[in-house]
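Please read all numbers here as calculations on a predicted model, not as lab measurements. Reckoned from all heavy atoms, side chains included, excluding hydrogens, waters and symmetry mates.
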Amino acid sequence: MSKKNLNYNYAFVFYDVNEKRVQKVFKVCKKYLSHYQNSVFRGDITPSKLIALKEDLKKTINEKEDFVCIIKVLNSGLFGEETLGGKTKETGEQLIL
């Protein structure tokens, strides 16, 4: 079975990184996606910007200590979303000094 290259146009990023790098990772993600909740970002992204996002994250994190997950989706209409709880969403802007 041949592997077909897909052009992903929407992404989610979840991360758990050492607190020394939290602000740097936040700023990298904010450059490409919209902040959603705590250490979660999502939004429309071009294939070339997705590559750039991954490259910037690789330069920022320590792969032995940090965890970053990128979920790539073909477009924003291809997933279902359900949220529970009424906690007010924080924008994360307070993390940036």
Side-chain angles (χ1 to χ4, degrees):
M1 184 180 251
S2 66
K3 188 174 181 180
K4 183 180 176 186
N5 286 339
L6 297 175
N7 287 326
Y8 296 102
N9 293 302
Y10 198 89
F12 293 87
V13 175
F14 308 87
Y15 60 86
D16 182 10
V17 300
N18 186 296
E19 66 181 77
K20 294 181 278 187
R21 290 178 290 279
V22 168
Q23 286 187 0
K24 290 178 183 177
V25 171
F26 181 92
K27 286 179 182 180
V28 167
C29 292
K30 184 79 172 166
K31 184 174 160 184
Y32 298 96
L33 298 167
S34 298
H35 185 239
Y36 186 63
Q37 174 75 27
N38 296 332
S39 54
V40 179
F41 285 78
R42 70 180 189 174
D44 294 315
I45 192 165
T46 65
S48 62
K49 287 194 176 193
L50 183 58
I51 291 167
L53 167 64
K54 290 191 285 186
E55 289 173 359
D56 285 354
L57 286 170
K58 285 179 184 179
K59 292 176 194 171
T60 306
I61 68 167
N62 177 332
E63 291 189 22
K64 292 180 182 175
E65 295 180 13
D66 302 329
F67 171 80
V68 176
C69 176
I70 301 172
I71 297 176
K72 303 172 289 187
V73 185
L74 293 175
N75 66 55
S76 60
L78 290 178
F79 66 90
E81 178 179 10
E82 184 175 343
T83 59
L84 303 173
K87 182 179 176 192
T88 304
K89 284 190 225 171
E90 295 179 16
T91 64
E93 297 298 333
Q94 72 277 7
L95 297 174
I96 300 175
L97 301 176

Side-chain contact, heavy-atom cut-off 4.5 Å: [X] with [Y]?
{"X": "N9", "Y": "P47", "value": "yes"}
{"X": "V25", "Y": "V28", "value": "no"}
{"X": "L57", "Y": "C29", "value": "yes"}

### Message
Same cluster or not: Y8 versus I51, using hydrophobic residues (I, L, V, M, F, W, Y) connected whenever any side-chain heavy atoms lie under 4.5 Å apart?
### Response
no

### Task
Establish whether I71 and V17 are linked, either directly or via other cluster members, by ILVMFWY side-chain heavy-atom contacts under 4.5 Å.
yes

### Task
Dump the intermediate steps for side chain to side chain contact (heavy atoms under 4.5 Å, CB included) on Y36 and T83, then the final yes or no.
CA-CA 12 Å; Y36 186 63; T83 59; 3.4 Å; yes

### Task
Not counting sequence neighbours, list each pair that qualifies as a ring-ring contact (aromatic ring centres under 6.0 Å, His included) and has a residue in residues 43-84.
Y10-F79, F12-F79

For residues [X] and [Y], report the shortest heavy-atom separation together with the two atoms involved.
{"X": "T60", "Y": "D56", "value": "OG1-O, 2.7 Å"}
{"X": "A52", "Y": "Y32", "value": "CB-OH, 3.5 Å"}
{"X": "F14", "Y": "V40", "value": "CD2-CG2, 3.6 Å"}

### Query
Does the gap between the ring centers of F41 and F26 come in under 6.0 Å?
yes

### Message
Taking atom CD as the centre, does E19 end up with more than 12 heavy-atom neighbours from other residues, nucleotides or ligands that are less than 6.0 angstrom away?
### Response
no

Rounded to the nearest 0.5 Å, how far apart are [atom1] of [X] and [atom2] of [Y]?
{"X": "R42", "Y": "Q37", "atom1": "CZ", "atom2": "CD", "answer": "10.5 Å"}
{"X": "I45", "Y": "L33", "atom1": "CD1", "atom2": "CG", "answer": "4.5 Å"}
{"X": "L53", "Y": "T46", "atom1": "CG", "atom2": "OG1", "answer": "10.5 Å"}

### Task
Begin from the C-alpha positions of L50 and I70 and carry the test side chain to side chain contact (heavy atoms under 4.5 Å, CB included) through to its verdict.
CA-CA 9 Å; L50 183 58; I70 301 172; 4.1 Å; yes

### Message
Among residues at least two apart in sequence or on other chains, which ones pass side chain to side chain donor-acceptor pair (under 3.5 Å) with E65?
### Response
N18, R21

